[in-house]
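Heads up: the structure comes next, in structure tokens.
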Amino acid sequence: MKTNDSLLAERNRHIPQGPFNVHPIFVEKAKGAIITDVEGKEYIDFAGGIGVNNIGHCDEEVLKAVQDQIQKYIHTCFHVVMYEPYVELAKRLNKITPGNFQKKTMLVNSGAEAVENAIKIARHATGRPGVIAFEDAFHGRTLLALSLTSKMKPYKFGFAPYAPEIYRMPYAYCYRCAFGLEYPSCEIHCAYFLREFFNTHISAEQVAALIVEPVLGEGGFVVPPKEYFKVLKKICEENGIIFIADEVQTGFGRTAKMFATEHYGVEPDITVMAKSMAGGFPLSAVTGRAELMDHPQVGGLGGTFAGNPVACRASLAVLDQFEKIDLLKKAEKIGKKVLSKFKEFQEDYTVVGDVRGLGAMVGMELVVDRETKEPATTFTKQLVNRCREKGLLMISAGTHSNIVRPLMPLVITDHQLERGLSIIEKSIAEISPTENL
Ligand SMILES: Cc1ncc(COP(=O)(O)O)c(C=O)c1O
């Protein structure tokens, strides 16, 4: 029998170190919110393949749709011979994404690829080069997406030169406000700062798009105040700038709405999606105002594998399941539970500096000292490892990797959720027994 250690040795011999691994285990099978490794050990999954498994591992309806599709055809390339699942999915996404206007959708394979296409479309439609992105943003690892990403190590370090014409402003990270202000007395200065940004970084007439995550994902589950995006969007509108919402991590129910911008009452010109949209199959989408999406010339957009029919069928099944089992309500319930538990942890352990969340996107920021807010990076790593030893798979986030970011499948049972949360608490207590308040 292959063991985790023997497979790890082979992995290290044949695969470079760059593609990172959080946990030194290999999966044998996965169902719902449980992953079983090759040695037969079961884990509760609080990582969801980095936010891809909102529907749960191996959902029965997704399996049925995929099995039906692979009997028919697997790939023709949409650009050579078209197929209905692509059209059907585009139609559904045009309907459910925020924005009361006519939309069109194109499909690609990954979050990064969707981000890049959104920028291409915005540049083509405006004839402008500039893109405004944010500090602590994550938009992917391909060169343009990487250039939009903020974190230097490990993502950007050594890979320069980056794509030009990208300008970065602070995000609404209230716990660590870049302007040293406090909400609400700040009056959302960080959003109005965009007007000043046009004087100091790039003039508005040169900006094609502003791309923003409605809640920071990799950046640490940072939830902006409710007025934030309305202000940004208004300033974009005043200046003919396309507002792109990167819903790759927030989308498909994570925040207890299908898309996180719905919480904020803004209608993005373009919405970018990936991760949980196809139950684990690689698929991403760019949905936007029809006139923008139609701007690039025939052949200007696409890709050989883009919008694979098996992935499209999986995605259609995911959308059906969202309706059938009301995953948005489940996300809300999960979010309430996690938020209240994390707040309890904050009362009991000094290492928990901040707790914040939107729906089931709830983060816990760990600090060495509540006054200085020094990030507890080592502690967070120890916590992730200790949780694994106790049967819970987690990942961290944040520019300093000091934020616990649960991305459990939304089909997780109450018992599994309780058990996972109690493993987190026990692990915090064990690593910092003297720190208890
Ligand atoms: C908000 C956001 N955008 C883009 C990406 C890139 O997606 P992918 O890894 O599928 O390229 C990610 C991935 O974590 C993400 O969280």
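Every value quoted in this text rests on a predicted model; they were computed, and no experiment measured them. Indexing begins at 1, ligand by ligand and atom by atom, following the structure's order. Starting from 1, each residue takes its place in the sequence as its number.
Of the N and O atoms on the side chains of Glu135 and Tyr173, not one donor lies less than 3.5 Å from an acceptor on the other residue.
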Report the C-alpha separation of Asp45 and Asn53 in whole Å, then their side-chain angles, then the decisive distance to 0.1 Å, and conclude whether the side-chain hydrogen bond (donor to acceptor under 3.5 Å, both in side chains) test is met.
CA-CA 10 Å; Asp45 182 11; Asn53 291 303; 4.7 Å; no
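Under the 30°/60° scheme for interplanar angles, the aromatic rings of Tyr83 and Tyr73 are found to be tilted. The aromatic rings of Phe193 and Phe197 sit perpendicular to each other, their planes meeting at more than 60°, with 30° as the lower class boundary.
Remark: Glu237 engages Lys233 in a side chain to side chain contact (heavy atoms under 4.5 Å, CB included) (not counting sequence neighbours).
Remark: of the listed residues Tyr183, Tyr192, Tyr264, Tyr171, Tyr171 is the sole one forming a ring pair (Phe, Tyr, Trp, His ring centres under 6.0 Å) with Tyr228.
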So what's ligand 1 close to, N/O to N/O, under 3.5 Å?
{"unit_1": "ligand 1", "atom_1": "3 (N)", "unit_2": "Phe138", "atom_2": "O", "d": "3.4"}
{"unit_1": "ligand 1", "atom_1": "3 (N)", "unit_2": "Asp246", "atom_2": "OD1", "d": "3.3"}
{"unit_1": "ligand 1", "atom_1": "3 (N)", "unit_2": "Asp246", "atom_2": "OD2", "d": "2.7"}
{"unit_1": "ligand 1", "atom_1": "10 (O)", "unit_2": "Gly111", "atom_2": "N", "d": "2.8"}
{"unit_1": "ligand 1", "atom_1": "11 (O)", "unit_2": "Gly111", "atom_2": "N", "d": "3.4"}
{"unit_1": "ligand 1", "atom_1": "11 (O)", "unit_2": "Ala112", "atom_2": "N", "d": "2.8"}
{"unit_1": "ligand 1", "atom_1": "14 (O)", "unit_2": "Lys275", "atom_2": "NZ", "d": "2.9"}
{"unit_1": "ligand 1", "atom_1": "16 (O)", "unit_2": "Gln249", "atom_2": "NE2", "d": "2.8"}

